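I have placed the structure first, in the form of structure tokens, so that the comments after it can refer back to it.
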There are 2 protein chains.
Amino acid sequence: MGNGTQLIRQENLHIQAYEYIKSAVIAGEIEPDTLYSVHQFATILGVSRTPVREALLLLVQEGLLTMDRNRGFRIRQLTGSDLSEIISLRRMLEIPAVETLASMTPAPVTAFAEARMLYDKLQEAADKGDFLQFLSLDRRFHLTLVGALGNSRLTRLVGELRDQMQLPGIRRLSISGELHTQGPEHLALLTAIQDADPGRAAAIMKSHLDRTQADWA
Amino acid sequence: MGNGTQLIRQENLHIQAYEYIKSAVIAGEIEPDTLYSVHQFATILGVSRTPVREALLLLVQEGLLTMDRNRGFRIRQLTGSDLSEIISLRRMLEIPAVETLASMTPAPVTAFAEARMLYDKLQEAADKGDFLQFLSLDRRFHLTLVGALGNSRLTRLVGELRDQMQLPGIRRLSISGELHTQGPEHLALLTAIQDADPGRAAAIMKSHLDRTQADWA
DNA sequence: GTTTCACATGTAGCATGTTACTCACTTGGA
DNA sequence: TCCAAGTGAGTAACATGCTACATGTGAAAC
């Protein structure tokens, strides 16, 4: 059968299902502690069970979901030790990343410009209290910076780790109040990098991670 | 533990297929530049195409294989920039890892003992010129050490990065001659860690990665 | 009241049928 | 000889049928 309204849709269904479900998980549209079946998602997406199952298996491997045999799939609940594992990895990756970024010659000015633009939008979202938008822009801000290093595996990895931290299991509320404290921190980081001050950039990143861990404990 | 004694074998077929194909890839039993079909593996393993396809998709996500739409699957060819990405990540992860390892109190003596045992076997394999055995023990040696840190995500990640480096695309020969130069390096690393000398351990790890990158260029 | 057990329900898991695509090869015309 | 359209084999990709299993429920046995 034809592809409906899409002129050319060259992307596999399981990829599309993967993107959709992943977004839903991160946006919090999926209930924790609730079992979801392949059939449910297949019905929602209007495709058969096969590509949906494939997508779910990828998400399990990525650590966003867990699988209960013959029961269904559910959002992974992070424990405290999961969190420290993730934060520990982020320390190893993101601190050297911003250091290197601040030392690059020539400086990746286009990435800086884009990060600056994202920061502006970020502040806007913080003012409006638009939590989801804030999270999305926060993610893009950091991935833009890390991406300027040109290491695609690093960029992807950092993204995955950040995504995992959006999972429930740890208290995630009260962040609404932190929206405005986070803003200046982003700007300070960007400024330090643009000033080619690796030490300051690293220190900001480190304190950010420290505080994140403390907050979620 | 050993599933020989296990009465019922309750592991999903796609997991078993995943393990099997991954081993085959790393052991070099799979020809590079050759397209393999789901059907081929399914026939070899004596199962249907579904779990095999699921396994292959996981391996694609992991970066060991690539997928040619409507053509088949093949081993991923690493380019020079792939290699530098991987080495760069390994630097960020493995150097801090051995540093931390050397600073741990109490020291993880059981892991040290196991690493020492693996080192002995490693030397034995090097003497015999058993290349595959050497690679397998080398992998276990490093993962045992990293595993002692207790960060399961880190351990898994390091393992995946090392696996990717076993892929062809870069000259991998002449390593036979290096088998004996690698041996002492392993011992030096282990000794530095056991001596609680983070700086020395880090230096050894760093030079190892530098040399690895230079060799493969 | 408590335990046991048969059964109904819904699911993952696997097998298999079907479709549509890619590409090597052939064929025919200039 | 060259090139272009045609075609056929093989494949991923998707849909669907079927099986085994985990679990909740309720009646029967104690």
Side-chain angles (χ1 to χ4, degrees), chain A residues 1-22 24-25 30-77, chain B residues 3 6-22 24-25 30-77:
Chain A
M1 89 159 172
N3 279 312
T5 58
Q6 314 267 3
L7 288 177
I8 6 174
R9 190 49 162 166
Q10 192 58 327
E11 203 162 15
N12 293 345
L13 288 188
H14 80 266
I15 303 281
Q16 299 179 54
Y18 169 87
E19 304 285 356
Y20 175 87
I21 298 171
K22 183 170 180 174
V25 168
I30 307 282
E31 204 67 27
D33 297 319
T34 304
L35 279 167
Y36 291 86
S37 70
V38 177
H39 178 74
Q40 287 177 38
F41 287 115
T43 304
I44 292 172
L45 296 172
V47 298
S48 80
R49 307 191 306 272
T50 304
V52 171
R53 175 174 160 86
E54 290 167 358
L56 290 171
L57 289 178
L58 291 178
L59 289 166
V60 167
Q61 165 159 294
E62 198 172 319
L64 290 182
L65 300 180
T66 59
M67 194 169 35
D68 282 23
R69 186 182 174 93
N70 293 322
R71 291 291 290 163
F73 295 78
R74 76 176 82 209
I75 290 197
R76 174 148 183 193
Q77 294 278 0
Chain B
N3 43 42
Q6 201 160 344
L7 289 177
I8 35 176
R9 169 90 170 164
Q10 191 53 304
E11 201 163 15
N12 291 347
L13 288 188
H14 80 266
I15 303 282
Q16 298 179 52
Y18 169 86
E19 305 286 358
Y20 176 88
I21 298 172
K22 183 170 181 175
V25 168
I30 307 281
E31 229 21 63
D33 297 319
T34 304
L35 279 167
Y36 291 86
S37 70
V38 177
H39 178 72
Q40 288 177 38
F41 287 115
T43 304
I44 292 172
L45 296 173
V47 297
S48 81
R49 306 190 306 272
T50 304
V52 171
R53 174 174 162 84
E54 289 166 358
L56 290 171
L57 289 178
L58 291 179
L59 290 166
V60 167
Q61 166 161 289
E62 197 172 321
L64 290 182
L65 300 180
T66 60
M67 195 169 35
D68 282 23
R69 188 181 173 93
N70 293 322
R71 291 291 291 162
F73 295 79
R74 76 175 84 211
I75 289 197
R76 173 148 185 193
Q77 293 280 0

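Residue numbering restarts at 1 for every chain, and letters A, B, ... go by the order of the sequence lines. A quick note: this is a predicted structure, and the numbers were derived from the prediction, not measured.
- Shortest non-hydrogen contact noted between Val38(A) and Arg49(A) is CG1-O, 3.5 Å.
- For Thr50(B), whose side chain is taken as the heavy atoms from C-beta onward, the closest listed nucleotide among dA12(D), dA12(C), dT16(C) is dT16(C).
- Listed pair Arg53(A) / dA12(C) fails the phosphate criterion, with no side-chain N or O lying under 4.0 Å from OP1 or OP2.
- Looking only at distances, a side-chain donor or acceptor of Gln16(B) sits under 3.5 Å from a matching main-chain atom of Glu11(B).
- Spacing between atom CG of Leu35(B) and atom C1' of dT22(C) amounts to 11 Å, rounded to whole angstrom units.
- Between dA12(C), dT16(C), dC14(D), one nucleotide has an atom nearer to the side chain of Ser48(A) than all others, and that is dC14(D).
- For Asn70(A), the side-chain atoms get nearest to dC21(D) when compared with the rest of dA15(D), dT11(D), dC21(D).
- Proximity of a side-chain donor or acceptor of Thr43(A) to a complementary backbone N or O of Phe41(A) within less than 3.5 Å is not detected.
- In this structure, the CZ atom of Arg74(A) is 13 Å from the P atom of dT11(C), given to the nearest Å.
- Spacing between atom CG of Asp68(A) and atom P of dA22(D) amounts to 11 Å, rounded to whole angstrom units.
- Leu56(B) has its CG atom 8 Å from the P atom of dA12(D), to the nearest Å.
- Within a 6.0 Å radius of OH in Tyr36(B), other residues, nucleotides and ligands contribute more than 12 heavy atoms.
- Within the 4.5 Å cutoff, side-chain heavy atoms of Ile75(B) are placed close to those of Leu65(B).
- The listed nucleotides are dC14(D), dT22(C), dA12(D); the one nearest the side chain of Arg49(B) is dC14(D).
- For Arg71(B), taking side-chain heavy atoms from C-beta onward, the closest of the listed nucleotides dA15(D), dG13(C), dC23(C) is dC23(C).
- Whole-Å rounding puts the Tyr36(B) OH to dT11(D) P distance at 13 Å.
- Counting to the nearest Å, the C1' atom of dA12(C) and the CG atom of Leu65(A) are 15 Å from each other.
- Nearest nucleotide to the side chain of His14(A), out of dC21(C), dC14(D), dG17(D): dC14(D).
- Taking atom CG of residue Leu45(B) and atom C1' of nucleotide dC14(C), one finds them 14 Å apart after rounding to whole Å.
- Rounded to whole Å, the distance from CZ on Arg69(B) to P on dT19(C) is 17 Å.
- Nearest to the side chain of Leu13(B), among dA12(D), dA12(C), dA15(C), sits dA15(C).
- Candidate nucleotides dG13(C), dA15(C), dA12(D) were compared by shortest atom distance to the side chain of Val38(B), and dA12(D) ranks first.
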